Amino acid sequence: MRLPELLQCPEALPVVPDVAARLIATFGQDEVDLLDVTAAIERDPALAAAVLRQANSAFFRLLRPVHSVRDAVKVLGLRRVRSLVLAAAVQSRFPAPPGIALERFWTFSFVAASVARRVCAPRQLDEDVAFTAALLHAVGELVMHQAMPDVMRDIGHEHPWHDLERAGAEYQAFGYSYAEVGAALCHHWRLPRALVQAIEQHVDPLHRAVADPLAAVVHVADWRARAWAMGNQRDLLIHSYPDGVGELLALDPDLLVDPAVAEPEGGV
């Protein structure tokens, strides 16, 4: 299926939930009323439940359980809660895509977001956008699995969705990958342009007239999360390390091939 045809499928570009739309509008705002954010999330019970489930997951390693949306906003802060709502919104629109275990998919996505934050912070890039872009960078897989379950299952036999060669297999089969599809969804939901561009270009950020640093960050985060999903083996990490992108971002390879760097931490 060609990309324009895929994007015309009713399930490909669903409408963004109202709560997520309101939080998307807070990107770039200097002052945000957290009480208003809390009230908006509480009005959508499904999203509120998803936010609490993620807030209490092992990923965040909180010192105490979070029992309410108010606590989640207070403990996690706007940036993380907004990202959780966006992830929950995507999950609510693609609740059971064939061929993908959602719990593992979102754990993979949060690992990528955690790595993106670590890589981004010392380089004076927008942590907020980098974290969210990495969290959402693979949502195109959900769209493609929902719209083309049989074809995606066949691709998955040789290259599972978390495989390091997955994007290449999709380009060979379709002429596009999950990256372009995910960027189209994020553009449809009116997420910030920098975030959409980072998702769209992250598979091969160096093959651009001017490399986008945020796309490079997401590329590294995606690579690291895939290596984590494939067993976090040091030999695999060393031999698959993206040298060119690492040089662009002036990264320390020894830091990134450390298996512990893909472990979530409370400061995410």
Side-chain angles (χ1 to χ4, degrees), residues 1-18 20-21 23-25 27 85-100 102 105-106 108-109 112 129-130 132-212 214-219 221-223 225-226:
M1 187 183 298
R2 297 172 59 206
L3 183 57
E5 295 171 331
L6 174 67
L7 298 180
Q8 289 300 314
C9 293
E11 62 268 34
L13 298 179
V15 176
V16 61
D18 289 342
L23 286 175
I24 288 168
F27 274 99
V85 169
L86 289 172
V90 171
Q91 185 167 338
S92 72
R93 294 314 192 244
F94 305 100
I100 292 184
L102 275 179
F105 175 85
W106 286 113
F108 158 86
S109 300
V129 172
T132 307
L135 179 64
L136 300 179
H137 81 280
V139 297
E141 289 289 358
L142 303 182
V143 178
M144 295 169 77
H145 276 259
Q146 196 77 34
M148 305 182 293
D150 294 337
V151 177
M152 299 307 290
R153 183 184 61 243
D154 291 343
I155 292 176
H157 286 158
E158 187 170 353
H159 297 287
W161 63 264
H162 57 268
D163 190 270
L164 286 167
E165 304 299 326
R166 176 64 175 220
E170 291 177 353
Y171 280 119
Q172 185 172 1
F174 309 117
Y176 59 88
S177 78
Y178 69 89
E180 288 82 4
V181 178
L185 175 63
C186 292
H187 174 73
H188 179 68
W189 281 12
R190 300 185 183 278
L191 283 148
R193 182 177 178 277
L195 186 153
V196 174
Q197 179 172 291
I199 292 175
E200 182 178 36
Q201 297 183 6
H202 82 269
V203 170
D204 195 1
L206 299 183
H207 280 72
R208 303 280 171 175
V210 178
D212 176 10
L214 277 173
V217 166
V218 176
H219 178 93
D222 172 73
W223 159 76
R226 290 178 190 276

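Just so it is clear, the structure is predicted and the values come from calculations on it, not from any experiment. As a basis for the values below, the full set of heavy atoms in this structure was taken, side chains included, without hydrogen atoms, waters or symmetry mates.
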Apply salt bridge (Lys or Arg N to Asp or Glu O under 4.0 Å) to R166 and list each qualifying residue two or more places apart in sequence or on a separate chain.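 Once residues adjacent in sequence are excluded, the partners of R166 under the salt bridge (Lys or Arg N to Asp or Glu O under 4.0 Å) criterion are E141, E170.
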
[Y] and [X], any side-chain heavy atoms less than 4.5 Å apart:
X    : Y    : answer
P205 : D212 : no
M144 : L6   : yes
L3   : F174 : no
M1   : C9   : yes
F105 : H162 : no
L191 : I199 : no
Y171 : D204 : no
P98  : D150 : no

Are there over 12 heavy-atom neighbours, none belonging to [X], within less than 6.0 Å of that residue's [atom1]?
X    : atom1 : result
D18  : CG    : no
R193 : CZ    : no
H159 : NE2   : yes
E5   : CD    : yes

Of all the heavy-atom pairs spanning [X] and [Y], show the shortest one and how long it is.
X    : Y    : answer
L136 : C186 : CD1-SG, 4.3 Å
S177 : A167 : CB-O, 4.1 Å
V203 : A179 : CG2-CB, 3.7 Å
A112 : A221 : O-CB, 3.2 Å
P95  : L102 : O-CD1, 2.8 Å
V218 : A134 : CG2-N, 4.2 Å

Donor-acceptor check, side chain of [X] to backbone of [Y], threshold 3.5 angstrom: yes or no?
X    : Y    : result
R93  : V16  : no
W189 : L13  : no
Q172 : A169 : no

Interatomic distance, L206 atom CG to Q201 atom CD [nearest 0.5 angstrom]: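 That separation rounds to 11.0 Å.
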
From H145 atom NE2 to I155 atom CD1, the distance as rounded to the nearest 0.5 Å: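 Reported value, rounded in 0.5 Å steps: 8.0 Å.
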
Run the numbers on F94 and I100 for side-chain contact (heavy atoms from CB on, under 4.5 Å), then give the verdict. CA-CA 11 Å; F94 305 100; I100 292 184; over 6 Å; no

May I ask you to check whether Y178 and W161 place their ring centres under 6.0 Å from each other?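 W161 vs Y178: aromatic centres not under 6.0 Å.
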
Please work out which of the three classes, parallel, tilted or perpendicular, describes the rings of H202 and H137, given edges at 30° and 60°.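 Geometry flag for H202 against H137: perpendicular rings.
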
Verify side-chain contact (heavy atoms from CB on, under 4.5 Å) between L86 and L135, making sure each step is shown before the conclusion. CA-CA 9 Å; L86 289 172; L135 179 64; 5.8 Å; no

